[in-house]
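Nothing here was measured: the structure is a model prediction, and the numbers come from that model.
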Amino acid sequence: MAEAKWYVAHTYSGYENKVKADLEKTIENRHLQDEILEVRVPLQEVVEMKNGAKKTVQKKLFPGYVLVNMVMNDDTWYVVRNTRGVTGFVGPGSKPVPLTEAEMKPLGIKAENVSIDFAEGDTIVVVAGAWKDTVGAVTKIDYNKQTATINVELFGRDTPVEISFAEVRKLQ
């Protein structure tokens, strides 16, 4: 199987999040999770002054563009290209060009692999973020996104929550 690379899809301005949501739904419906691994709208934190008060807000780094980590083939090209709001890929003609390592670094996309000391079925504790001090069993590990999915009890039922590798520790 070919290697997944990051590609840039051009969208109508203001439709980036809609394209991301539609593409993720299509990936799930067509069971393309192994070929289209991740869809991102790169954001940056910007400090704005409003009414004399500083406010930190998230702004799109590249308005009109969505990053897609995928294995390029006819099926994946078709799915992304025919998602409502996508006008095409960045590259000459209809041939998408993947981002280079140098282009990915400033975007915070890391290519290196991370080793973790837990596996599916292990119990872990969340040490940072919104779910801090939550304990749960690992149900899924995604090395591409560098996240672990755990089940937490929310409103009396188990709810899957995706947590970054950096925010969890194995329970001893």
Participant: Would a hydrophobic clustering, with Ile, Leu, Val, Met, Phe, Trp and Tyr connected at side-chain separations under 4.5 Å, put V127 with V135?
Facilitator: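 They do share one cluster, since a chain of ILVMFWY contacts under 4.5 Å joins V127 to V135.
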Participant: Applying the 4.5 Å side-chain criterion to the ILVMFWY set and letting contacts propagate, would V41 and V46 be lumped into a single cluster?
Facilitator: no
Participant: Can you give me the closest heavy-atom contact between E28 and Q33, atom names plus distance?
Facilitator: CA-NE2, 3.7 Å
Participant: I need the minimum non-hydrogen distance between L37 and A4, along with the two atoms involved.
Facilitator: CD1-CB, 3.4 Å
Participant: For T56, which residues count as a side-chain hydrogen bond (donor to acceptor under 3.5 Å, both in side chains) partner, sequence neighbours excluded?
Facilitator: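 For T56 there are no side-chain hydrogen bond (donor to acceptor under 3.5 Å, both in side chains) partners, ignoring immediate neighbours.
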Participant: Could you tell me the separation between the NZ atom of K5 and the CG atom of N69, rounded to the nearest 0.5 Å?
Facilitator: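 With rounding to 0.5 Å, NZ (K5) is 11.0 Å from CG (N69).
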Participant: Holding to side-chain hydrogen bond (donor to acceptor under 3.5 Å, both in side chains), I want the full list of residues that pass it with K20, two or more places apart in sequence or in another chain.
Facilitator: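 K20: side-chain hydrogen bond (donor to acceptor under 3.5 Å, both in side chains) contacts with E24.
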Participant: Mind checking whether I27 and Y78 sit in one hydrophobic cluster, side chains of I, L, V, M, F, W, Y counted as touching below 4.5 Å?
Facilitator: yes
Participant: Indicate yes or no: at least one non-hydrogen side-chain atom of K54 is less than 4.5 angstrom from one of M49.
Facilitator: yes
Participant: For atom CZ of F118, is the number of surrounding heavy atoms from other residues, nucleotides or ligands below 6.0 Å larger than 12?
Facilitator: yes
Participant: Quick check: are there more than 12 heavy atoms from other residues, nucleotides or ligands sitting under 6.0 Å from CG of N29?
Facilitator: yes
Participant: Quick one: do D22 and R84 make a salt bridge, cutoff under 4.0 Å?
Facilitator: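 No, no charged N to carboxylate O under 4.0 Å.
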Participant: Can you pull out every salt bridge (charged side-chain N to carboxylate O under 4.0 Å, His left out) where at least one residue sits in residues 125-137? Sequence neighbours excluded, please.
Facilitator: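 Residue pairs with at least one partner in residues 125-137: there are none.
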Participant: Using atom types as modelled and distance alone, determine if a side-chain donor or acceptor of T83 lies under 3.5 Å from a backbone N or O of V19.
Facilitator: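 Looks like no, no N/O pair under 3.5 Å.
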Participant: To the nearest 0.5 angstrom, please state how far the OG1 atom of T26 sits from the CD1 atom of I36.
Facilitator: 8.5 Å
Participant: Could you tell me whether a side-chain N or O of R81 sits under 3.5 Å from a main-chain N or O of T87, the two making a donor and an acceptor?
Facilitator: yes
Participant: When clusters are formed by joining ILVMFWY residues with side-chain heavy atoms under 4.5 Å apart, either directly or through shared neighbours, do V97 and L67 land in the same one?
Facilitator: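 Different clusters.
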Participant: Considering non-hydrogen atoms only, spot the tightest contact between V138 and A119 and give its length.
Facilitator: CB-O, 3.7 Å
Participant: Without placing hydrogens or testing angles, list every side-chain donor-acceptor pair under 3.5 Å for residues 148-156, not counting sequence neighbours.
Facilitator:
none

Participant: Counting only heavy atoms from other residues, nucleotides and ligands, does the tally under 6.0 Å from NZ of K60 exceed 12?
Facilitator: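 More than 12 within 6.0 Å, yes.
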Participant: Quick one: list whatever passes ring pair (Phe, Tyr, Trp, His ring centres under 6.0 Å) with F62, sequence neighbours left out.
Facilitator: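 Here no residue qualifies.
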Participant: Taking all atoms of both residues into account, what is the closest heavy-atom pair of T11 and E16, and its distance?
Facilitator: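 Smallest interatomic distance, heavy atoms only, reads OG1-CG, 3.7 Å.
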Participant: Distance check, rounded to the nearest 0.5 Å: K170 atom NZ versus D117 atom CG?
Facilitator: 6.0 Å
Participant: Are the side chain of N73 and the backbone of D75 linked by a donor-acceptor contact shorter than 3.5 Å?
Facilitator: yes
Participant: Hey, could you give me the OG1/CE distance between T76 and M70, rounded to the nearest 0.5 Å?
Facilitator: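 The distance works out to 3.5 Å.
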Participant: My understanding is that only residues two or more places apart in sequence, or in another chain, count here; which of them pass ring pair (Phe, Tyr, Trp, His ring centres under 6.0 Å) with Y65?
Facilitator: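 H10.
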Participant: If every non-hydrogen atom of W77 is compared with every non-hydrogen atom of P96, which pair is closest and at what distance?
Facilitator: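 So the two residues come closest at CD1-CG, 3.7 Å.
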